[in-house]
Amino acid sequence: MTTPRARQALDGIPVYRPGKAALSDDHKLSSNENPFPPLPGVMERAAAELGRMNRYPDAGMTDLYEALSARFGLPVDHFAAGTGSVAVLFALLSAHLEPGDEIVYAWRSFEAYPIAADLTGATTVRVPLRPDATHDLDAMAAAVTERTKVVLVCTPNNPTGPVVTAEALTGFLASVRDDVLVVVDEAYVEFVRDPLAASGLALLAEHPNVVVLRTFSKAYGLAGLRVGYAIARPEVAVAIRKATPPFAVTDLSQAAAVASLQSHDELDRRVDAIVEARVAMVDALRAQGWDVPDTEANFVWLPLGDDALDFAAACDPVSVRPFAGEGVRVSIGSPEVNAQLLSIAGAWRSARR
Ligand SMILES: *Cc1c(COP(=O)(O)O)cnc(C)c1O
């Protein structure tokens, strides 16, 4: 008996397996979520949409695109939104890659990249991070061939934390062909304080092949509502829009995103608090003897190698994100849970000295 067979491209793609449930939302330092509740006014705007759930959402995402246009000073045709920037990436890659094409990205980087890339059937070229956990853009430029259609650059890099510098990204863009899409994933850009950090947005005007990915999931605290977007030249944005399922982003999510964009001052205060806690966390971990790479995001990376799984188990009841054989990513959470994590990390180090 023969049964329907999915495309071979799916064979290497893992099925999502949930980790152990956290003791509480506050104890969950495994997904880089925001510890703050929704920004002021967001619950009210979202609640107003709830009673309209018999209606399809605005597939044109008019209010959201207008709000983004006002926020960035770019025409509405420069944006393409979807259910999280991961979904936008899936649409972008399915719009540009097919079997025989190549995609280049750094590794270790964001776990969604292999899934989005492999699904297209294109060939992946992974370029190892440098020992300081930064992107090796020279090696990435050297990995580009005439078949390369897309390069992914994650800055700050998830899960390791460092940014790509403006100098490195500018040099990289100068060295790759103009028909190679360079996707700059800026999911954590609001947390960046390094003045030397690259800004994908700043490069967009001069480089039509740049695509910037942004999200409401991290700094804006809307991870559960699934809204992310690309900022790109209209030709690229329209390709993403075409490849995105219609009616994907609910009106509730669109309204919450628009309302979140209006709370700049409170957003800045919260992001500053998280950045302050990140700096304190890195300082404290280094004082304990940990070799923590620089981080400009809302998480820190502990390069534990083969001890990654043991350490993650020792963190209980705080849940962290282990990468077996490599390290553990710890999100910045509420002050109490950050302190709890620090004391666990300290005890772990002294037990092994
Ligand atoms: C969290 C994250 C995203 C955003 O995910 P959403 O789908 O918008 O929730 C994108 N890229 C990276 C590197 C991330 O860590």
- Message: If you compare all heavy atoms of Met281 against all heavy atoms of Leu342, which two are closest, and at what distance to 0.1 Å?
- Response: SD-CG, 3.9 Å
- Message: So which atom in Pro37 and which in Arg270 form the shortest heavy-atom distance, rounded to 0.1 Å?
- Response: O-NH1, 2.6 Å
- Picking from Thr123, Thr124, Thr145, what satisfies side-chain hydrogen bond (donor to acceptor under 3.5 Å, both in side chains) with Glu102? Thr145
- Donor-acceptor contact below 3.5 Å, side chain Thr120 vs main chain Ala116: no
- Message: Could you check whether any side-chain N or O of Asp58 sits under 3.5 Å from a backbone N or O of Thr62, counting only pairs where one atom can act as donor and the other as acceptor?
- Response: yes
With a 3.5 Å cut-off and no angle check, do the side chains of [X] and [Y] form a donor-acceptor pair?
X	Y	value
Asp132	Thr134	yes
Glu33	Ser331	no
Arg329	Asn158	yes

- Item | Presence of salt bridge, Asp101 and Lys149, under 4.0 angstrom | yes
- Presence of salt bridge, Lys218 and Glu190, under 4.0 angstrom: no
Going by heavy atoms in the side chains, are [X] and [Y] under 4.5 Å from each other?
X	Y	result
His135	Val153	yes
His27	Gln340	yes
Phe311	Pro322	no
Pro162	Thr160	yes
Met140	Val151	yes
Glu49	Thr250	no
Glu111	Tyr16	no
Trp348	Trp290	yes

- Checking side chain to side chain contact (heavy atoms under 4.5 Å, CB included) for the pair Leu285/Gln288: CA distance, chi angles, key distance, verdict? CA-CA 5 Å; Leu285 286 168; Gln288 289 177 0; 3.9 Å; yes
Tell me whether [Y] is reachable from [X] by hopping between hydrophobic residues (I, L, V, M, F, W, Y) whose side-chain heavy atoms are closer than 4.5 Å.
X	Y	result
Val328	Leu309	no
Val292	Ile332	yes
Val189	Leu267	no

Only counting residues at least two apart or in another chain, list the ones meeting side-chain contact (heavy atoms from CB on, under 4.5 Å) with [X].
X	result
Ser319	Ala22, Lys28, Ser30
Pro128	none
Pro75	Asp77, His78

- So how far is it from Cys315 SG to Ile344 CD1, rounded to the nearest 0.5 Å? 5.0 Å
- Message: Quick check for you: to the nearest 0.5 Å, what is the distance between Arg214 atom CZ and Ile231 atom CD1?
- Response: 5.0 Å
- By salt bridge (Lys or Arg N to Asp or Glu O under 4.0 Å), Asp272 pairs with (sequence neighbours left out) Arg193
- Item | Partners meeting salt bridge (Lys or Arg N to Asp or Glu O under 4.0 Å) with Asp251 (sequence neighbours left out) | Arg52
Going by side-chain heavy atoms closer than 4.5 Å, which hydrophobic residues are tied to [X], directly or by a chain of links?
X	result
Val163	Val192
Phe90	Leu10, Ile13, Val86, Val88, Leu89, Leu92, Leu93, Leu97, Ile103, Tyr105, Trp107, Phe110, Tyr113, Ile115, Leu119, Val150, Leu152, Leu181, Val183, Val211, Leu213, Val236, Ile240
Val15	none

- Task: Keeping to residues at least two apart or across chains, list the ring pair (Phe, Tyr, Trp, His ring centres under 6.0 Å) pairs with something in residues 226-269.
- Result: Tyr56-Phe247, Phe216-Tyr229
- Task: Just grab all the ring pair (Phe, Tyr, Trp, His ring centres under 6.0 Å) pairs involving residues 162-200, residues at least two apart or on different chains.
- Result: Tyr188-Phe299
- Query: In chain order, what residues pass the side chain to side chain donor-acceptor pair (under 3.5 Å) check against Gln262, with sequence neighbours excluded?
  - Reply: none
- side chain to side chain donor-acceptor pair (under 3.5 Å): pairs with one or both residues in residues 291-311, sequence neighbours excluded: Arg286-Asp294
- Message: Evaluate Val184 against Leu169 for side chain to side chain contact (heavy atoms under 4.5 Å, CB included), listing each step before the verdict.
- Response: CA-CA 10 Å; Val184 187; Leu169 189 56; 4.2 Å; yes
